[in-house]
Undergrad: 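Below: one structure in structure tokens.
Proteins get letters first, then strands, A, B, ... in listed order; numbering begins at 1 in each.
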Protein chains: 2
Amino acid sequence: MNQDGVDLETSLGYLLKEASSVLRVAMEEVLRPLGMSVTHYSCLELLAQRPGLSNSELARGAFVTRQSMNVLLQTLEREGYVTRPAEAPVGKVLPTRLTPRGRRSLEEATVAVRSVEVRMLAGMTEAEQSGAFRALRSMIHSLRGGNTGNGGSGGA
Amino acid sequence: MNQDGVDLETSLGYLLKEASSVLRVAMEEVLRPLGMSVTHYSCLELLAQRPGLSNSELARGAFVTRQSMNVLLQTLEREGYVTRPAEAPVGKVLPTRLTPRGRRSLEEATVAVRSVEVRMLAGMTEAEQSGAFRALRSMIHSLRGGNTGNGGSGGA
DNA sequence: TGATTCATGTCAGGATTCTGACATACAGTG
DNA sequence: CACTGTATGTCAGAATCCTGACATGAATCA
């Protein structure tokens, strides 16, 4: 009946979307009491691991447009979670850094987020986890790089 | 330096989000020439496989709110892709069905979407695919069902 | 039977994100 | 050195989606 369709019940793409949706909901749930959105948290986490990231780099890392990230950064800066130099040291790039307050805020969030990740991984062996990791990486790579003869718009 | 963080480089959650993002972009890319969004396509595909689905069921299947799905359905109905009875046969539920036009439209989209899925799965063995499938299913189940003592707000 | 609870469809308002556009700064090429 | 191409930060407008709220219909239960 649905042999010519994609068959959502067995589609890895659909399952991927579902998993992502459920993960997003779970993260929003634990982040909400902290007054933080997922993108908000992603931004802070990115900055903790790679201080000095620019707005555009942050946007790519959080999977939003640089315009959206810019709006967020302005808020975070105004509220004292991050700092940006008034003038660009080189070019137009404004390296962003966490303030102590931002770092404290992130610590709370990290605990919450980690609990979600732990819950998500519950019931999976190490082998299954690394298998899933490799599978996801492979999918990303295939989707980013290769085209099926579509006359590559090239992308990045 | 980032050992007390979540370490985005090795986080399955982050990778999941990345994969989902890349998949979404790839789908939008092939669906755009057809004038169709991902939710739009999801709705049609859902209806093809399970005719008579209600607005709310469609919303859950496409991972959006029923309000958003309602807006989409009104457009699709107005443009002749789906039909809904003027009055509910039972209760308030309005069973939705694809029109021939909707079915034709879906066929085009299915070809496009399947090509993306094929590309995504390129380079993965059958075993890896079914492994990824099981892993994703496990994550969804763990995230949906179990709580780490957070006192389940039970979703809705 | 009557009350409570739950799910659905829908309307209205608000928040978030995106698309489009512009000026600027660096890198590569002739 | 001038020119082209790419990348960045930012502003403005539009589109999208969500949260909140309401009325209705069905199911559950006393």
Undergrad: How would you list, by chain and number, every residue that makes a side chain to side chain donor-acceptor pair (under 3.5 Å) with B:S68, sequence neighbours excluded?
TA: B:T65
Undergrad: Under the ring-ring contact (aromatic ring centres under 6.0 Å, His included) rule, what pairs show up with a residue in residues 68-98 of chain B, not counting sequence neighbours?
TA: none
Undergrad: Have a look at the helix from C:dT1-D:dA30 to C:dG30-D:dC1 and give the angle its two end axes make, five pairs each, rounded to 10 degrees.
TA: 30°
Undergrad: Does B:S37 have any side chain to side chain donor-acceptor pair (under 3.5 Å) partners at least two apart in sequence or in another chain, and if so, which?
TA: none
Undergrad: Restricting both atoms to N or O, compile the protein contacts to nucleotides 15-17 of chain C shorter than 3.5 Å, with distance only.
TA:
none

Undergrad: Does B:S20 have any side chain to side chain donor-acceptor pair (under 3.5 Å) partners at least two apart in sequence or in another chain, and if so, which?
TA: A:S20
Undergrad: Using a 4.0 Å cut-off to any heavy atom of chain B, which nucleotides of DNA chain D are the first and last in contact, reading 5' to 3'?
TA: D:dC17 to D:dA26
Undergrad: Output a table of nitrogen or oxygen pairs between the protein and nucleotides 22-24 of chain C separated by less than 3.5 Å.
TA:
from	atom 1	to	atom 2	distance (Å)
C:dA23	N3	A:K92	NZ	3.4

Undergrad: Base contacts versus sugar-phosphate-only contacts with protein, heavy atoms under 4.0 Å: please encode nucleotides 1-6 of chain C as B, S and - from 5' to 3'.
TA: ------
Undergrad: Suppose the criterion is side chain to side chain donor-acceptor pair (under 3.5 Å): which pairs have a residue in residues 87-100 of chain B, not counting sequence neighbours?
TA: none
Undergrad: Mind listing the residues from residues 75-87 of chain A sitting with a heavy atom below 4.0 Å of DNA chain D? Number order is fine.
TA: A:R84
Undergrad: A:S56: what forms a side chain to side chain donor-acceptor pair (under 3.5 Å) with it, not counting sequence neighbours?
TA: none
Undergrad: Does either side chain, that of A:E117 or that of B:S11, offer a donor lying less than 3.5 Å from an acceptor on the other one?
TA: yes
